[in-house]
Q: 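Take a look at the following structure, please.
In what follows, every heavy atom counts, from backbone to side chain, and hydrogens, waters and symmetry copies are set aside. Just so it is clear: chains get the letters A, B, ... in the order the sequence lines come, proteins before strands, and each one is counted from 1.
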2 protein chains.
Amino acid sequence: MQPTIYDVAKKAGVSIATVSKVINNNGRIGKDTRKKVIKIMEELNYQPSVVASALTGKRTETIGVLIPDLTNPFFSEITASMEERAHELGFSVVICSTNDSEEKEAKYISLLLRKKVDGCILASRFKQVGLIENMVKQGIPVALTGQDIPSLNLNTVSVDDYKGGYKATAYLGSLGHKNIAMIAEKNARSSEERIKGYVDAMNEMGLPVDEALIREVKPTVAGAKQAAEELLSLHVPPTAIFAGNEILAIGVSQAARAFQLDIPNDFSVIGFDNTLLATICDPPLTTIAQPIEQMGRQIVDILISEINNKLDYKQRIMLPPELVIRQSTKELSVENGLVND
Amino acid sequence: MQPTIYDVAKKAGVSIATVSKVINNNGRIGKDTRKKVIKIMEELNYQPSVVASALTGKRTETIGVLIPDLTNPFFSEITASMEERAHELGFSVVICSTNDSEEKEAKYISLLLRKKVDGCILASRFKQVGLIENMVKQGIPVALTGQDIPSLNLNTVSVDDYKGGYKATAYLGSLGHKNIAMIAEKNARSSEERIKGYVDAMNEMGLPVDEALIREVKPTVAGAKQAAEELLSLHVPPTAIFAGNEILAIGVSQAARAFQLDIPNDFSVIGFDNTLLATICDPPLTTIAQPIEQMGRQIVDILISEINNKLDYKQRIMLPPELVIRQSTKELSVENGLVND
DNA sequence: CTGAAAGCGCTAACAC
DNA sequence: GTGTTAGCGCTTTCAG
């Protein structure tokens, strides 16, 4: 068995209260006593139990992170960043993949409560607002990232999805594309904003917004590929597609290839997120970048500030998305333009 | 504050022992009492504290998972699978990304010990064998995946890396390639086995093994790209490269492209792992598949069996790697063959 | 400065 | 069947 505070106290010839004080570095302790206790702790390789200390009202030094799907690079990257920052600040991270299931959302929230996590970060696509309100009511700090829920006053770090959608669409327009389609993720708050941005950009450019050109699909390569193939089969197919994230953009690229379309000469795609995927596919994807690394760190910083009661008021940070131009987009060639006019 | 067992007991007019018994479903309890207690628990929305129950010797229902890098798809995919299986069995997962730092390995192990996790899974590339022995000595269950450490008697689920390396190389040979290079990950046990497989396959095919054709690099796209560029700059460049994983394979593909080589017509690449990356890059990668999903589930099953003392002896499972043929490999064309003879 | 003692929320004998 | 009670390992008054 591992040694307890009693073992240390006995061997050091002091009381457990004294040992506790040197562990937590508080109270008045004589220099020599402290030194001796520290020595014994090292000898015994004593590690204070977080469980016991949590029971006396201290923290568990653990935060829960709910994400939809760890195999999506956006989420694995932001999770990695959160995990790193949390550890820097002395907290562990327990991850819960919801797979977009409401049942799991509820199950995991309840689990985290039973485990007495100090706080909780909900990444995109969390569905049940009621569950969040419940946690807040119970006094446990909650923070959001990758999505903003305006109706709730919560710490949030997100990217301006509306502006991102607008930028992506406007960029395609600036390249001369007129027949621009969008493939978006179904059932995600952030996705809706991106669609709004798309619609507004189209309108402002005086381009017709055709509902048939907006497809909402499950966030899989296959789903996007199929949707893109349908779009490319239209009587007047789009010359460019704005994909709501990079998994979808890959699906679009595959569809284009299946239609013998060369990217970017015959057809342009733009993605969203700027994950590893954008750089490794061929051609590399033009995309709307989210500062993933920064978002992860910042949301952890904010949550832990709240846990430490160092937050006077809720923070709502909205970061600007950036257009990153790579090789999947190009000016519409006259030839193609004519075909579509 | 959240309600405690006392609140429930008081409101139900019974003792806390009774409540405890209905929670844990043991001891004799009258039907009516049970029903009443359950009703009160629901009314109060009572959630038993895992922290308190852990302190009395029960489990924390938490396992620790150490991985090198969550942004590598192999690890995010295997982590996702472990997380899912663990939750199915009632356990949470705390993840620790070591980034291949020995300091972090030590820090996280000690952290997990302080948190009293019920067990621990170490994924590939764990360096300090001594730390593992230490945990075992303290009686905490440890399992390994993605690597086998023969000197330690631990539960292990891994893939036969030697055979995988052999298969990859033999396949390239069967396509007529003679000048085959390998780019491997530096400092990983699994990588060494893959190299051995490569060497033996070359020997058996009667092909010369040139040390200069084996490069060990950091597991990044950039690292692999540079190494591949160097290989392609050789007086007699290889016509095929076996990359130790898919991140590396992507780097190799990029290098080939930079050298104006068409894959697979001018040049073949084969990867290892069979992650999302293999399917999304262009052309899709021929690769040696690890059954990632299965590995994750199985190692969790085994670890939790050990936690439950349901394991009579250590399990060491070595899964067979499978060759998955896609479009990044092709028979060596006569033309290229002549150049290299 | 240091220690005794109460208590955190729960479990597990052991009584009744 | 149900309740009493002694811990689990630690923190925190409060005395001394």
Q: Mind checking what makes salt bridge (Lys or Arg N to Asp or Glu O under 4.0 Å) contact with A/D148, not counting sequence neighbours?
A: A/R316
Q: For A/D7, what residues pass the salt bridge (Lys or Arg N to Asp or Glu O under 4.0 Å) criterion, not counting sequence neighbours?
A: none
Q: With nearest nucleotides of DNA chain D determined for B/G57 and A/N26 from heavy-atom distances, which residue corresponds to the more 5′ nucleotide?
A: B/G57
Q: Would you please say whether a donor-acceptor pair under 3.5 Å links the side chains of B/K115 and A/T62?
A: yes
Q: Please state how far atom NZ in B/K58 lies from atom C1' in C/dC10, giving the value in whole angstrom units.
A: 10 Å
Q: Expressed in angstrom and rounded to an integer, what is the separation of B/L55 atom CG from C/dA12 atom P?
A: 13 Å
Q: Round to a whole Å and report the spacing from CG of B/N24 to C1' of C/dG9.
A: 13 Å
Q: Salt bridge check, A/E42 against A/K39: does any charged N sit closer than 4.0 Å to a carboxylate O?
A: no
Q: What are the bounds, 5' to 3', of the part of DNA chain D that sits under 4.0 Å from heavy atoms of chain B?
A: D/dG1 to D/dG9
Q: Listed by chain and number, what are the ring-ring contact (aromatic ring centres under 6.0 Å, His included) partners of A/Y108, not counting sequence neighbours?
A: B/H87
Q: Need the bend value for the helix from C/dC1-D/dG16 to C/dC16-D/dG1: angle between end axes, 5 pairs each end, nearest 10°.
A: 40°
Q: Could you walk me through whether B/Q315 and B/Q298 pass side chain to side chain contact (heavy atoms under 4.5 Å, CB included), step by step?
A: CA-CA 11 Å; B/Q315 305 246 9; B/Q298 207 160 1; over 6 Å; no
Q: B/S49 near the nucleic acid: base, sugar-phosphate alone, or nothing, with a heavy-atom cut-off under 4.0 Å?
A: sugar-phosphate
Q: Do any N or O atoms from the side chain of B/S191 and from the backbone of B/E185 form a donor-acceptor pair under 3.5 angstrom?
A: yes
Q: Report the distance from atom OG1 of A/T98 to atom CZ of A/F126, rounding to the nearest 0.5 Å.
A: 8.0 Å
Q: Please list each protein N or O that sits under 3.5 Å from an N or O in nucleotides 2-4 of chain C, with the distance.
A:
residue: C/dT2; atom: OP1; partner: A/T33; partner atom: OG1; Å: 2.5
residue: C/dT2; atom: OP2; partner: A/G30; partner atom: N; Å: 2.5
residue: C/dT2; atom: OP2; partner: A/T33; partner atom: OG1; Å: 3.1
residue: C/dG3; atom: OP2; partner: A/S15; partner atom: N; Å: 3.0
residue: C/dG3; atom: OP2; partner: A/S15; partner atom: OG; Å: 3.4
residue: C/dG3; atom: OP2; partner: A/T18; partner atom: OG1; Å: 2.6
residue: C/dG3; atom: O6; partner: A/K21; partner atom: NZ; Å: 2.6

Q: Assess the side chains of A/D69 and A/T71: does a donor N or O sit below 3.5 Å from an acceptor N or O?
A: yes
Q: Where do B/V22 and B/R34 come nearest, in terms of heavy atoms and distance?
A: CA-NH2, 4.2 Å
Q: Judged by atom type as modelled, is there a donor-acceptor pair below 3.5 Å linking the side chain of B/S305 to the main-chain atoms of B/L311?
A: no
Q: Whether B/Y46 contacts C/dC10 is assessed here as follows: a side-chain N or O lying under 4.0 Å from the phosphate OP1 or OP2. Is that the case?
A: yes
